[in-house]
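See structure below.
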Amino acid sequence: MKLCDLFGQGRTIFSCEVFPPKKTAPVDSIYRTLDGLKDIRPDFISVTFGAGGSQGDKTTRDIASLIQNQYHIPAMAHLTCVAAGREDVDRLLDQLEADGVENILALRGDVRPDVPSKTDFRYASELAAHIRARGGFGVSAACYPEGHLESPDLVSDIRHLKEKVDAGAQHLVSQLFFDNEDFFRFLERARIAGIDVPIEAGIMPVLSKSSIQRMVSMCGASLPARLTRILARYGDHPEALREAGIAYAIDQISDLIAGGVDGIHLYTMNDPEVAKQIAGSIASIRTV
Ligand code: FAD
């Protein structure tokens with residue numbers, strides 16, 4: 001099933017993101033993650049793509065195939081221009097097609113000075129166009145409620161997003177954000193620009209002070225005062241911060257659904273318990 005066909009059926013789509021376990025993680029840790037996520041039946045699960053296409057023994061392709069064939073949940077494999085040249089892309093697409101994986105999140109990836117980048121595809125829009133021209137896959141892409149860090153302004157950010165959709169992206173997944181007003185304003189800009197594909201809101205629960213500081217410095221998401229207060233009060237109390245972070249995410253999601261968002265994409269950080277708690281709390285509001 002192509003993911004764009006999931007939308008427009010009167011309920012809010014709920015999807016999850018996992019990453020291939022690090023080399024230092026136990027080999028079976030991804031099974032623990034997926035066993036937990038299976039219970040909440042997300043509409044699809046996406047798998048990130050690290051530099052070189054692998055973050056350990058289990059690669060993006062292996063995990064996407066596992067999700068699709070053993071867990072019988074639609075899988076979306078991420079793929080980046082910086083880590084994959086034309087030949088890598090074509091080989092991976094052939095393999096994923098043979099595995100029955102039908103959806104790709106076409107990304108540029110982050111250019112890192114210490115890692116040489118592939119240069120066949122410069123922007124995600126070029127990768128999206130290449131995959132659509134090949135055929136056989138639903139193509140999704142990333143979007144940025146607060147603008148991409150490298151964008152000089154929000155106007156050019158939306159202009160390039162529209163180019164990406166025109167090039168073939170059929171569904172968008174947003175970068176994490178903590179202030180829903182940022183997302184609603186972005187949605188308005190996107191719709192005015194004629195971007196009419198489904199847009200899922202990316203939500204990352206705040207579970208630890210260090211992880212949130214790392215994410216914010218990487219993607220530039222701003223912290224609203226309400227979240228800053230939570231970090232200040234519970235930052236040194238891991239259990240309390242986890243509870244408050246999950247409550248904040250549930251509140252954010254409820255408000256987004258009330259505002260008519262197409263879907264929620266949960267950055268699970270491979271923690272199925274958090275995903276279960278959040279999915280359980282929004283089960284009935286998703287279907288109204
Ligand atoms: P693009 O859409 O190519 O945009 C990159 C920048 O170039 C933007 O500033 C854009 O405005 C600008 N731009 C686009 N087209 C043009 C043009 N024609 N001329 C000039 N400027 C242009 N990274 C990973 O490495 N692996 C992952 O699995 C991964 N998963 C992600 C999942 C989601 C949902 C999101 C939001 C991000 C993910 N990332 C991942 C991070 C992502 O790769 C980075 O944010 C990257 O910096 C931009 O990728 P993009 O696909 O949005 O790039």
Side-chain angles (χ1 to χ4, degrees), residues 2-3 17-24 30 45-68 75-144 147-152 156-157 159-176 202 214-215 217-220 265 267:
K2 308 290 186 284
L3 298 184
E17 178 180 295
V18 300
F19 52 79
K22 296 196 169 51
K23 281 200 172 89
T24 47
I30 193 66
I45 300 179
S46 82
V47 190
T48 66
F49 189 84
S54 168
Q55 287 166 307
D57 295 318
K58 289 274 169 220
T59 63
T60 302
R61 176 202 164 189
D62 292 332
I63 295 170
S65 172
L66 194 65
I67 293 166
Q68 186 79 42
M76 175 166 77
H78 297 201
L79 186 51
T80 69
C81 306
V82 299
R86 188 177 297 269
E87 279 182 21
D88 308 311
V89 166
D90 289 340
R91 190 179 53 249
L92 195 58
L93 292 177
D94 288 346
Q95 291 168 335
L96 288 165
E97 189 168 55
D99 290 347
V101 174
E102 292 183 74
N103 295 284
I104 305 287
L105 183 66
L107 296 152
R108 186 197 65 182
D110 282 320
V111 181
R112 289 171 41 188
D114 52 326
V115 182
S117 295
K118 301 283 174 79
T119 52
D120 288 346
F121 304 104
R122 203 158 147 226
Y123 295 110
S125 53
E126 295 174 11
L127 181 58
H130 180 74
I131 302 171
R132 284 300 297 278
R134 178 198 182 277
F137 289 94
V139 178
S140 304
C143 61
Y144 299 83
H148 184 258
L149 268 183
E150 293 165 32
S151 287
S156 62
D157 200 60
R159 193 172 66 243
H160 293 313
L161 185 60
K162 175 77 165 74
E163 286 163 10
K164 195 153 62 170
V165 170
D166 291 344
Q170 300 156 294
H171 154 234
L172 298 171
V173 183
S174 94
Q175 181 61 281
L176 63 94
R214 197 174 56 245
M215 286 313 299
S217 68
M218 271 169 64
C219 74
H265 187 70
Y267 294 103

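Nothing here was measured: the structure is a model prediction, and the numbers come from that model. The analysis underlying the following values was restricted to heavy atoms, covering all of them including side chains, and did not include hydrogens, waters or symmetry mates.
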Item to complete: Sort and list the pairs that fulfil side chain to side chain donor-acceptor pair (under 3.5 Å) and have at least one residue in residues 116-127, not counting sequence neighbours.
Response: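 Those involving residues 116-127 are D88-K118.
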Approximate separation, where rounding is to 0.5 Å, of [X] [atom1] and [Y] [atom2]:
X: H160; Y: Y144; atom1: NE2; atom2: OH; result: 13.0 Å
X: I63; Y: Q68; atom1: CD1; atom2: CD; result: 14.0 Å
X: C81; Y: L127; atom1: SG; atom2: CG; result: 4.5 Å
X: F137; Y: M76; atom1: CZ; atom2: CE; result: 13.0 Å
X: I131; Y: L105; atom1: CD1; atom2: CG; result: 9.0 Å
X: R134; Y: I104; atom1: CZ; atom2: CD1; result: 8.5 Å

Item to complete: Answer yes when D166 and K162 have at least one side-chain N-carboxylate O distance shorter than 4.0 Å, and no when they do not.
Response: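 Salt bridge present between D166 and K162.
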Fill in: Side-chain donor/acceptor of K164 to backbone N/O of L172, under 3.5 Å
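Such a contact is absent between K164 side chain and L172 backbone.
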Worksheet item: Under 3.5 Å, side chain of S174 to main-chain N/O of C143, donor-acceptor pair present?
Response: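 Answer holds: no.
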Practice prompt. State, yes or no, whether a side-chain contact exists between F49 and L107 at a heavy-atom distance under 4.5 Å.
Written response: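 SC-SC contact between F49 and L107 ruled out.
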Discussion item. Can you confirm whether T60 sits close enough to P20 that some side-chain heavy atom of one is under 4.5 Å from a side-chain heavy atom of the other?
Written reply: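 In contact.
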Worksheet item: How about S65 and D62: does a side-chain donor come under 3.5 Å of a side-chain acceptor?
Response: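 Absent: no donor and acceptor within the cut-off.
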Discussion item. Hydrogens and angles aside, do S46 and H78 bring a side-chain donor and acceptor to less than 3.5 Å of each other?
Written reply: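 There is such a pair between these side chains.
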